[in-house]
Amino acid sequence: RAKQTDGLLAPSPCPVSTGNAFTAYAAIETIGLARTRGRREQPIGLLGPPGPVANGILRGLMARGESVDVVSSAPPKPLRRLVEKLNAGTHGVAEFVEDVSVVTGRDRILVTASSTGARIRLSSLPPDSVVIDVAAPVDVIIDDHRDDVLLLDGEYVRLPSPLRGGLWRSVYGLVTGQSRHIFACFAEPMLLALAENTTLLSVGREVPLHRIRALGNLASEHGFY
């Protein structure tokens, strides 16, 4: 909604989407790629629930039959209910762990998707950790140079063709180092515009599985990867 001059809220003049659903999809696909590139078969660590993107990732992973260790020292009741529901209704298994140290190191993949960022220092991670950072701002603070830790951006998606444009494109490339990749939250409204479909807008905190899957299908249809 847009704020009027009198302080009241009015409907937005155009459809608005948070990008949360396609961000969750991009993260889930990145996790799947990481699984195929190594021997990390232990449960996936997930930091970020009950944030909307993290909850969406949790739903998607468990729907695929993944085991997930949810990092939360004091899980709120809504999150406990969600985990109980997913444990009962999917082929996946989720458990709570109290600290990130339980889900980092050899044979582990940690996914960080908090809503606040700056939750973990790179220097604190044990050797051979793989972290997929989906948070914005990022969860992992780069306070050290590490050759023994793999840190991946979990929310980038590849466009069907390289970016074009003038000054904006040059600035974007300079800041991000990317010529064909953008954040999934930017790509989500592009997909909805291409499909001429506003029923899949991500509005509010809920990121249901059917929306994640539908956006994934649109991505495949239009050449996003």
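Given the structure is predicted, the values throughout are model-derived calculations rather than measurements.
Taking 4.0 Å as the cut-off between side-chain N and carboxylate O, Glu29 and Arg64 count as a salt-bridged pair. Under a 4.0 Å N-O distance rule, the pair Arg108/Glu41 does not qualify as a salt bridge.
More than 12 heavy atoms of other residues, nucleotides or ligands shown are found within 6.0 angstrom of CZ on Phe96. Atom NE2 of His91 sits in a sparse spot, with 12 or fewer heavy atoms from other residues, nucleotides or ligands closer than 6.0 Å. Applying the 6.0 Å contact sphere to CZ of Arg121 captures no more than 12 heavy atoms from other residues, nucleotides or ligands.
Going from atom CG of Asp148 over to atom OG of Ser129 covers 8.0 Å, rounded to the nearest 0.5 Å. Separation of atoms CZ (Arg81) and NZ (Lys77) is listed at 7.5 Å; rounding is to 0.5 Å. Annotation: the span from Asp139 atom CG to Thr116 atom OG1 amounts to 6.5 Å, rounded to 0.5 Å.
The minimum heavy-atom distance linking Gly60 with Ile28 is given by the pair CA-CD1, 3.6 Å. A pairwise comparison of heavy atoms in Ala63 and Arg213 identifies CB-NH2, 3.6 Å as the closest pair. Here the closest heavy-atom approach between residue Ile132 and residue Ala34 is recorded as CD1-CB, 4.1 Å. A pairwise comparison of heavy atoms in Asn87 and Ala94 identifies OD1-N, 2.8 Å as the closest pair. In this structure, Arg35 and Glu66 approach most closely via the heavy-atom pair NH2-OE1, 2.8 Å. The two residues Ala195 and Leu218 have their closest heavy-atom pair at CB-CD2, 3.7 Å.
Under the 3.5 Å distance criterion, the side-chain polar atoms of Ser114 are left unmatched by any main-chain donor or acceptor of Gly48. At least one donor-acceptor pair closer than 3.5 Å links the side chain of Asp133 to the backbone N or O of Val140. Using a distance-only test at 3.5 Å, with no hydrogens or angles considered, a donor-acceptor pair links the side chain of Asp143 to the main chain of Ser123. A donor-acceptor distance shorter than 3.5 angstrom exists from the side chain of Asp99 to the backbone of Ser101, with no hydrogens or angles considered. Judged by distance alone, the side chain of Arg146 and the main-chain N or O of Leu125 form a donor-acceptor pair under 3.5 Å. Side-chain N or O atoms of Arg205 include one that pairs as donor or acceptor with a backbone N or O of Pro50 at under 3.5 Å.
Two residues are said to be in side-chain contact when any heavy atoms from C-beta on lie closer than 4.5 Å; Val100 and Leu47 meet this criterion. Val111 is listed as a side-chain neighbour of Val134, based on a closest heavy-atom distance under 4.5 Å. Side-chain contact between Ile31 and Ile44 is present, with at least one heavy-atom pair separated by less than 4.5 Å. A 4.5 Å side-chain heavy-atom check between Arg59 and Leu86 finds at least one atom pair inside the cut-off. Annotation: side chain of Thr18 is not in contact with side chain of Val53 (no heavy-atom distance under 4.5 Å). Considering only heavy atoms from C-beta on, Val68 stays 4.5 Å or farther from Ile57 through its side chain. Side-chain atoms of Thr23 and Phe183, non-hydrogen and from C-beta on, never get closer than 4.5 Å to each other. Considering only heavy atoms from C-beta on, Leu191 comes within 4.5 Å of Phe224 through its side chain.
Taken together through direct or relayed side-chain contacts under 4.5 Å among Ile, Leu, Val, Met, Phe, Trp and Tyr, Phe22 and Met190 form part of one hydrophobic cluster. Note on Val93 and Val97: separate hydrophobic clusters, where clusters join Ile, Leu, Val, Met, Phe, Trp and Tyr whose side-chain heavy atoms are under 4.5 Å apart, directly or indirectly. Under a hydrophobic-cluster definition in which Ile, Leu, Val, Met, Phe, Trp and Tyr are linked whenever side-chain heavy atoms come within less than 4.5 Å, directly or via other members, Val157 and Leu201 are assigned to the same cluster. Tyr156 and Ile142 fall into different hydrophobic clusters, where Ile, Leu, Val, Met, Phe, Trp and Tyr residues are linked whenever their side-chain heavy atoms come under 4.5 Å apart, directly or through other members. Linking ILVMFWY side-chain heavy atoms closer than 4.5 Å, directly or via other members, places Val71 and Leu122 in a single hydrophobic cluster.
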Any chance you could lay out the side chain to side chain contact (heavy atoms under 4.5 Å, CB included) test for Asp69 and Leu46, step after step, and finish with the verdict?
CA-CA 6 Å; Asp69 286 336; Leu46 178 60; over 6 Å; no
Tell me, with the steps shown, if Val131 and Leu150 meet side chain to side chain contact (heavy atoms under 4.5 Å, CB included).
CA-CA 6 Å; Val131 180; Leu150 179 61; over 6 Å; no
Test log, rule side chain to side chain contact (heavy atoms under 4.5 Å, CB included), inputs Leu159 and Ile182:
CA-CA 7 Å; Leu159 297 171; Ile182 63 173; 3.6 Å; yes
Assess the residue pair Ile212 and Val207 against the criterion (side chain to side chain contact (heavy atoms under 4.5 Å, CB included)); give the C-alpha distance rounded to whole Å, side-chain angles, the decisive distance to 0.1 Å, and a yes or no.
CA-CA 7 Å; Ile212 295 172; Val207 183; 3.8 Å; yes
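Side chains of Ser202 and Glu188: a donor on one and an acceptor on the other come within 3.5 Å.
By the 6.0 Å and 45° rule, Arg211 does not stack over the aromatic ring of Tyr25.
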